[in-house]
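On a predicted model such as this, the values are computed, not experimentally measured, just so you know. The chains referred to below are lettered A, B, ... by the order of the sequence lines, with proteins before strands, and numbering in each begins at 1.
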2 protein chains.
Amino acid sequence: MKNNNINNLLKSNGFSVTKPRVQIIKILQNSNSPIGIDAIINKTDGKIAISSAYRIIADLLDADLINAFQSPENKLLVELIQNNTKHHHHLYCQSCKKVLDIDIDEKLEKNIDSLIRKISKQNNIEITNHSFELFGKCNDKSHE
Amino acid sequence: MKNNNINNLLKSNGFSVTKPRVQIIKILQNSNSPIGIDAIINKTDGKIAISSAYRIIADLLDADLINAFQSPENKLLVELIQNNTKHHHHLYCQSCKKVLDIDIDEKLEKNIDSLIRKISKQNNIEITNHSFELFGKCNDKSHE
DNA sequence: ATAATATTGAGAATGATTCTCAATATTATT
DNA sequence: AATAATATTGAGAATCATTCTCAATATTAT
Ligand SMILES: [Mn+2]
Ligand SMILES: [Mn+2]
Ligand SMILES: [Zn+2]
Ligand SMILES: [Zn+2]
C-alpha cells in the first residue's frame, strides 16, 4: 500500500517507477531527520550506486519533492517534503552529527520576513530564500 | 605604518612575521566583503601557493582573527575581524556572487537569542553559534 | 513480444581542500 | 653579524564529495 503511494508520487511527477527511486523515497519517508547520501545507500543493502543516488536526489530536488542542504562537514543532507512539512530550520550537533528539525514561532518568522523585505528593498535585490541554522554540542559523552 | 600594525597583530597572536601572512592580512583589510581563496591569491601577484593560503587562513581562524564560512557554491569565504566588526550576517547574490554584510536590528537579534536559549533547553544541547543567511538575485543583467 | 526510450552502475573526472616533505625563511644564540 | 635551531613555505600528491560518461539494463510504448 505504501508502495502505491510512492508509485503515484513518482508518476505524478513525471518519473518512471524504478527500484532505486522507490527505495530512496521509502528511506526518506522513514527518516525522521535529514539524512546523507552514505546513510541512504547503507539502508539499501548497498544496491544503489553512489552516482545513481546523487542523480536521483538531484531529480527529486528539481521536482521539489525534497529539501537539500549541506551539513557543517560539507556533506549533502536531504529530507522528504511531506504533506505536513512546513518551512522550518535545523539544529546541528557538532559532536554526534545529529540534525534536529526546529520550528520557530510565528512571531519570529514574521519578524524575519519583514527584515528580509527591508533588506531586499535597501539593496535592491530579490531575496529568494534564507537559512537559519543552529550549531551546538549535545551531552552525548561518547564523542569526547 | 599599516605594516607595523600588521606585524604587531601577528606577533601578539604568536605568529612570526612572514611575507605571505602580511600580504593576506593586508588583502583582507582592504576587502569590504568576504573574499575567497582564489581572489586572495589573485591579489598577491600569484606569489602565494594555494596550500599556503589555506594554511594561513586556517591559522588565522584558530586565532580568531577572521570569520570563515562556505559560500552557496561551497567555496571558503573569509573576512577579517576588525575592532569595529560585530556579529552580523550575510546576503549572497546567486547571480553575481557578491556577498553583502547585513546587520539585523537589536530587537530581532534578541528574539533570536531567546529562541536559541529556549531550543537549547528543550533539546538539552549547548548551542555554540548560529547562522542566518539570505540568498537572492540582484538586478545585474550581465549575468543572464 | 519488440522497439524506442529512460535509467542505472561502474568508474573516470572534477574541484575544493588537506597533507607531505624538502627547500627556504625567520628567530634565537653566540 | 654569523650560525644554529626552529618555523614556514611552495609544489605537488592525496583525499573527499560530487558530477560526468557511457555501455549495460530496465521501463514504457507499440
Ligand atoms: Mn528538516
Ligand atoms: Mn561580513
Ligand atoms: Zn549530539
Ligand atoms: Zn548580484
Distance in angstrom units between Asp62(A) CG and dA6(C) C1', rounded: 16 Å

Taking atom P of dT9(D) as reference, at what distance in whole Å does atom CD1 of Ile41(B) sit? 13 Å

Distances for protein N/O vs nucleotides 24-30 of chain D N/O pairs under 3.5 angstrom?
{"from": "dT28(D)", "atom 1": "OP1", "to": "Val17(A)", "atom 2": "N", "distance (Å)": "3.1"}

Roughly, in whole Å, what's the span from CD1 in Ile24(A) to C1' in dT7(C)? 12 Å

Using Watson-Crick and G-U wobble pairs with both distances under 3.5 Å, what is the 5'-to-3' dot-bracket string of DNA chain C, with [ ] for crossing pairs and | for pairs outside the strand? ||||||||||||||||||||||||||||||

I'd like to know whether the aromatic ring centres of His130(B) and His89(A) sit less than 6.0 Å apart in this structure. no

Do Glu79(A) and His88(A) have side-chain N/O donor and acceptor atoms under 3.5 Å apart? yes

With a 4.5 Å limit on heavy-atom distance, are the side chains of Asp59(B) and Arg21(B) in contact? yes

What is the distance from CG of Leu60(A) to C1' of dT8(C), rounded to the nearest Å? 15 Å

Check the pair Asp103(B), His87(B) against side-chain contact (heavy atoms from CB on, under 4.5 Å), reporting the backbone distance first and the verdict last. CA-CA 8 Å; Asp103(B) 288 306; His87(B) 177 76; over 6 Å; no

Checking side-chain contact (heavy atoms from CB on, under 4.5 Å) for the pair Asn30(B)/Leu28(B): CA distance, chi angles, key distance, verdict? CA-CA 5 Å; Asn30(B) 292 330; Leu28(B) 292 177; over 6 Å; no

Check the pair Asn129(B), Leu134(A) against side-chain contact (heavy atoms from CB on, under 4.5 Å), reporting the backbone distance first and the verdict last. CA-CA 6 Å; Asn129(B) 62 313; Leu134(A) 305 181; over 6 Å; no

Is the distance from the ring center of His90(A) to that of Phe132(A) below 6.0 Å? no

Would you find a donor on one side and an acceptor on the other, under 3.5 Å apart, between the side chain of Ser95(B) and the backbone of Lys137(B)? no

Nucleotides 15-20 of chain D: which of its N/O atoms have a protein N/O under 3.5 Å away?
{"from": "dA17(D)", "atom 1": "O3'", "to": "Asn74(A)", "atom 2": "O", "distance (Å)": "3.4"}
{"from": "dT18(D)", "atom 1": "OP1", "to": "Leu76(A)", "atom 2": "N", "distance (Å)": "2.8"}
{"from": "dT18(D)", "atom 1": "OP2", "to": "Tyr54(A)", "atom 2": "OH", "distance (Å)": "2.1"}
{"from": "dT18(D)", "atom 1": "O5'", "to": "Tyr54(A)", "atom 2": "OH", "distance (Å)": "3.1"}

Integer-rounded Å distance: dT18(C) C1' and Ile56(B) CD1: 15 Å

Any side-chain heavy atom of Ile112(B) within less than 4.5 Å of one from Ile104(A)? no

Length of the line joining Leu61(B):CG and dT17(C):P, which is rounded to integer Å: 13 Å

Test your reading of the model: is there a side-chain donor-acceptor pair from Asn13(B) to the backbone of Phe15(B), 3.5 Å cut-off? no

Would you mind reading off the distance between Ile57(B) atom CD1 and dT9(D) atom C1', rounded to a whole angstrom? 15 Å

Do Ser120(B) side-chain atoms and Ile125(B) backbone N/O form a donor-acceptor pair below 3.5 Å? yes

